[in-house]
Amino acid sequence: MQVTMSLASLVGKSSDFQEEYLRRSLRTILAYAEEDAEMQNTLLPSQVDELLRNLNSILSDTVKMREFQEDPEMLMDLMYRIAKGYQTSPDLRLTWLQNMAEKHNNRKCYTESAMCLIHAAALVAEYLSMLEDHKYLPVGSVTFQNISPNVLEESAVSDDILSPDEDGVCSGRYFTESGLVGLLEQAAELFSNGGLYEAVNEVYKIIIPILEARRDFRKLASTHEKLQRAFDNIIQKGHKRMFGTYFRVGFYGAKFGDLDEREFIYKEPGITHLPEISHRLENFYSQCFGDETLVMIKDSTPVDRKQLNLSKAYIQITYVEPYFDDYEMKDRLTNFEKNFNLRRFMYTTPFTKSGRPRGELNEQYKRKTILTTMHSFPYVKTRINVIQKEEFDLTPIEVAIEDMQKKTRELAVATHREQPDAKMLQMLLQGSVGATVNQGPLEVAQVFLNEIPADPKLFRHHNKLRLCFKEFIMRCGEAVEKNKHLITSDQKEYQQELKKNYNRLRENLRPMLERKIPELYKPIIRPRLENRDSFKRLSFRRAPEENS
């Protein structure tokens with residue numbers, strides 16, 4: 001620990017140290033450990049090797065930090081790796097987590113800054129729980145799981161974790177109850193600045209028992225005031241908050257060094273458009289490699305390494321959306337829940353069998369790609385490695401089903417809002433029942449529902465699309481009715497036109513929606529069970545005659 005702390009201080013504060021001499025010293029120590037015959041049967045050589053690897057990576061990353069001052073993501077990656085290198089030295093890890101929090105704060109990434117302090121607080125709680133046995137204190141990092149599942153990496157479970165009562169370890173002012181409360185209060189304020197008021201509540205759930213145990217009523221009063229403000233903000237700003245936009249960024253080419261062939265999900269602030277992040281990365285890497293070397297890949301199709309020029313550097317950026325399974329959506333009801341603790345993201349790539357991306361409705365396929373990240377967003381960094389990729393293709397009728405479900409959902413949300421937005425509702429209605437909508441609902445129905453498919457495998461899809469249309473027409477009716485109460489006096493003609501278009505669409509769809517596939521509605525014949533003999537009987541209960 002002392003060696004690690006000394007190296008950190010030397011590399012971090014001294015501007016004139018010679019990196020090569022330091023590396024040579026480390027190599028010499030390694031040589032001594034390998035050549036010491038008496039020690040070969042002990043754990044010492046492997047422990048020395050592990051220590052020196054750690055010191056080397058800390059040295060490399062600290063030196064690299066000076067090069068990447070202008071690349072915020074790379075800089076945070078390096079700081080993160082250095083903090084990870086200090087996993088067994090709690091005081092230093094805490095310092096680096098706070099350094100990261102400060103850097104994020106300067107860039108107005110308040111949520112990530114808060115997460116760094118939550119990790120720092122979880123680290124402190126982990127060591128405090130070894131020193132103090134108070135029920136009101138958090139058990140360790142596990143208590144912080146409701147804020148983020150990522151904090152479990154602060155668990156002190158490794159073999160070489162130091163005892164907090166050893167001389168000089170965990171002796172800083174933060175490794176106290178007051179230090180813990182201070183870190184958590186800072187985190188709560190940063191969450192509030194970032195608009196994550198629900199997380200503020202979770203943070204104060206950990207602080208309040210400590211304040212109650214101390215009988216600190218003044219602080220309890222101000223804490224409850226802050227909580228009330230957080231809840232008021234949730235009520236007032238509920239759906240208006242923007243939590244972030246996500247992009248998949250892939251790096252290809254030897255010029256990227258460590259980044260070559262790696263994919264990340266980037267979290268960008270609020271509403272960030274694809275051209276914005278594209279220009280930012282293009283400008284930065286053009287300065288690194290030169291305009292003629294950097295190539296931005298414009299589509300989302302898989303990159304074939306064989307077709308790339310070895311002397312160039314390629315970046316591919318794709319907009320992605322958080323992805324949830326149906327069962328997850330039952331628990332993720334609010335806007336906040338749909339934007340917090342995210343690990344899976346999805347993007348779609350349209351294609352046709354002929355090779356063109358777009359085609360007629362009956363030849364339009366769609367590939368869904370689902371990416372899983374190593375950690376959940378929000379995290380202590382704004383980009384996280386992609387560790388898993390799944391792909392599956394949707395057939396044209398499945399694409400149609402998905403599109404109709406999306407339209408229906410949007411109409412339902414716009415219609416049943418507490419404060420409906422008339423313009424939004426009218427725009428959705430225009431796209432749904434408008435007479436001149438190209439590839440609109442009526443055309444979709446005519447392509448897929450006009451005839452019962454010859455292939456029995458398509459029966460279920462055909463029926464599902466029919467049911468989607470039935471709900472869609474119902475939602476259109478609700479929306480037209482809702483619009484009647486929202487329009488101004490000068491829009492009455494527009495409303496009549498909408499109603500007329502809606503009625504026409506409903507009439508055109510009726511014959512297709514009323515036609516059922518007979519095979520799907522055959523009665524299910526249940527096997528008769530009266531004449532079973534005792535050997536074949538499914539139940540172990542005794543028959544009535546046996547009981548008598």
Side-chain angles (χ1 to χ4, degrees), residues 238-240 321 324 326 329-330 332-335 338 360-362 364 366 394 396-453 458-518 520-521:
H239 281 281
K240 295 174 190 166
E321 291 179 324
F324 308 107
D326 290 342
M329 289 305 284
K330 288 173 186 167
R332 292 182 183 263
L333 302 176
T334 65
N335 195 22
K338 288 171 187 164
E360 295 299 318
L361 285 169
N362 61 346
Q364 184 64 67
K366 194 194 277 184
L394 299 184
I397 192 166
E398 288 174 305
V399 173
I401 289 168
E402 204 170 73
D403 288 347
M404 291 312 300
Q405 284 174 332
K406 188 181 176 191
K407 273 192 170 72
T408 308
R409 216 167 28 243
E410 286 171 351
L411 274 169
V413 169
T415 307
H416 296 292
R417 268 222 168 114
E418 277 182 44
Q419 297 171 319
D421 181 338
K423 280 186 183 172
M424 181 63 133
L425 188 64
Q426 285 161 15
M427 197 169 75
L428 288 169
L429 270 171
Q430 200 59 42
S432 299
V433 302
T436 57
V437 182
N438 194 24
Q439 284 208 343
L442 184 58
E443 195 186 338
V444 172
Q446 284 166 342
V447 168
F448 295 107
L449 297 181
N450 229 349
E451 293 174 7
I452 290 175
L458 294 175
F459 284 174
R460 294 260 167 219
H461 288 321
H462 183 280
N463 197 46
K464 190 171 182 180
L465 184 58
R466 186 179 68 82
L467 295 174
C468 284
F469 265 101
K470 285 188 94 163
E471 191 186 350
F472 170 72
I473 275 295
M474 183 186 81
R475 295 296 183 193
C476 284
E478 286 176 2
V480 169
E481 193 58 32
K482 184 77 169 184
N483 193 56
K484 187 166 82 176
H485 302 292
L486 298 176
I487 56 168
T488 51
S489 55
D490 59 337
Q491 287 184 306
K492 284 186 178 170
E493 277 186 39
Y494 172 70
Q495 172 67 15
Q496 284 171 348
E497 187 66 22
L498 271 181
K499 181 86 174 168
K500 196 165 77 181
N501 287 341
Y502 163 66
N503 286 332
R504 191 184 301 137
L505 177 67
R506 193 177 59 182
E507 287 310 308
N508 287 333
L509 288 173
R510 177 171 287 152
M512 292 180 266
L513 301 191
E514 286 178 353
R515 188 197 304 122
K516 296 178 180 178
I517 300 173
L520 291 177
Y521 290 88

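Computed over heavy atoms, backbone and side chain alike; hydrogens, waters and symmetry mates excluded.
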Asks: Which residues satisfy the side-chain hydrogen bond (donor to acceptor under 3.5 Å, both in side chains) test with Asn483, sequence neighbours excluded?
Replies: Gln426, Gln495
Asks: If you define the side chain from C-beta out and look only at heavy atoms, does anything of Leu509 sit under 4.5 Å from Ile473?
Replies: yes
Asks: Is the closest side-chain heavy-atom distance between Leu498 and Gln430 below 4.5 Å?
Replies: yes
Asks: List for me each residue that meets side chain to side chain contact (heavy atoms under 4.5 Å, CB included) alongside Glu321, sequence neighbours excluded, and say none if there are none.
Replies: Tyr319
Asks: Run the side-chain hydrogen bond (donor to acceptor under 3.5 Å, both in side chains) test against Lys366 and tell me which residues pass, sequence neighbours left out.
Replies: Glu402
Asks: Nearest 0.5 Å, please: how far is NZ in Lys338 from CZ in Phe324?
Replies: 8.5 Å
Asks: List for me each residue that meets side-chain hydrogen bond (donor to acceptor under 3.5 Å, both in side chains) alongside Asp421, sequence neighbours excluded, and say none if there are none.
Replies: none
Asks: May I have the step-by-step check of salt bridge (charged side-chain N to carboxylate O under 4.0 Å, His left out) for Glu478 and Lys482, ending in yes or no?
Replies: CA-CA 6 Å; Glu478 286 176 2; Lys482 184 77 169 184; over 6 Å; no
Asks: Would you mind reporting whether Pro396 and Leu361 have side-chain heavy atoms less than 4.5 Å apart?
Replies: no
Asks: For Lys500, check salt bridge (Lys or Arg N to Asp or Glu O under 4.0 Å) against everything at least two apart and list the hits.
Replies: Glu497
Asks: For the residue pair Leu425 and Ala414, what are the closest heavy atoms and their distance?
Replies: CD1-CB, 3.8 Å
Asks: Quick one: does Glu471's side chain get under 4.5 Å of Leu467's, heavy atoms only?
Replies: no
Asks: Suppose we screen for side chain to side chain contact (heavy atoms under 4.5 Å, CB included). Which residues come up paired with Gln405, at least two apart in sequence or across chains?
Replies: Ile401, Arg409, Lys464, Cys468
Asks: Heavy-atom distance under 4.5 Å between the side chains of Phe472 and Leu411, does that happen here?
Replies: yes
Asks: Dump the intermediate steps for side-chain hydrogen bond (donor to acceptor under 3.5 Å, both in side chains) on Arg466 and Asn463, then the final yes or no.
Replies: CA-CA 5 Å; Arg466 186 179 68 82; Asn463 197 46; 3.1 Å; yes
Asks: Please list, chain by chain and in numerical order, all residues satisfying side-chain hydrogen bond (donor to acceptor under 3.5 Å, both in side chains) with Lys484, sequence neighbours excluded.
Replies: Glu481
Asks: To the nearest 0.5 Å, how far apart are CD in Gln491 and OG1 in Thr488?
Replies: 3.5 Å
Asks: Apply side chain to side chain contact (heavy atoms under 4.5 Å, CB included) to Met427 and list each qualifying residue two or more places apart in sequence or on a separate chain.
Replies: Met424
Asks: Would you check if Arg475 and His416 make a side-chain contact, meaning some heavy-atom pair closer than 4.5 Å?
Replies: yes
Asks: What are the two closest heavy atoms between Pro441 and Gly431, and how far apart are they?
Replies: CD-O, 4.0 Å
Asks: Can you tell me how far the CG atom of Leu465 sits from the CG atom of Asp403, to the nearest 0.5 Å?
Replies: 10.0 Å
Asks: Would you compute the distance between atom OG1 of Thr408 and atom CZ of Phe469 and round it to the nearest 0.5 angstrom?
Replies: 8.5 Å
Asks: Is Leu513 close to Leu449 at the side-chain level, that is, under 4.5 Å between some pair of heavy atoms?
Replies: yes
Asks: So, using side chain to side chain contact (heavy atoms under 4.5 Å, CB included) as the criterion, who are the partners of Asn450 when residues are at least two apart?
Replies: Gln446, Met512
Asks: What pairs with Arg510 under salt bridge (Lys or Arg N to Asp or Glu O under 4.0 Å), at least two apart in sequence or on another chain?
Replies: Glu507, Glu514
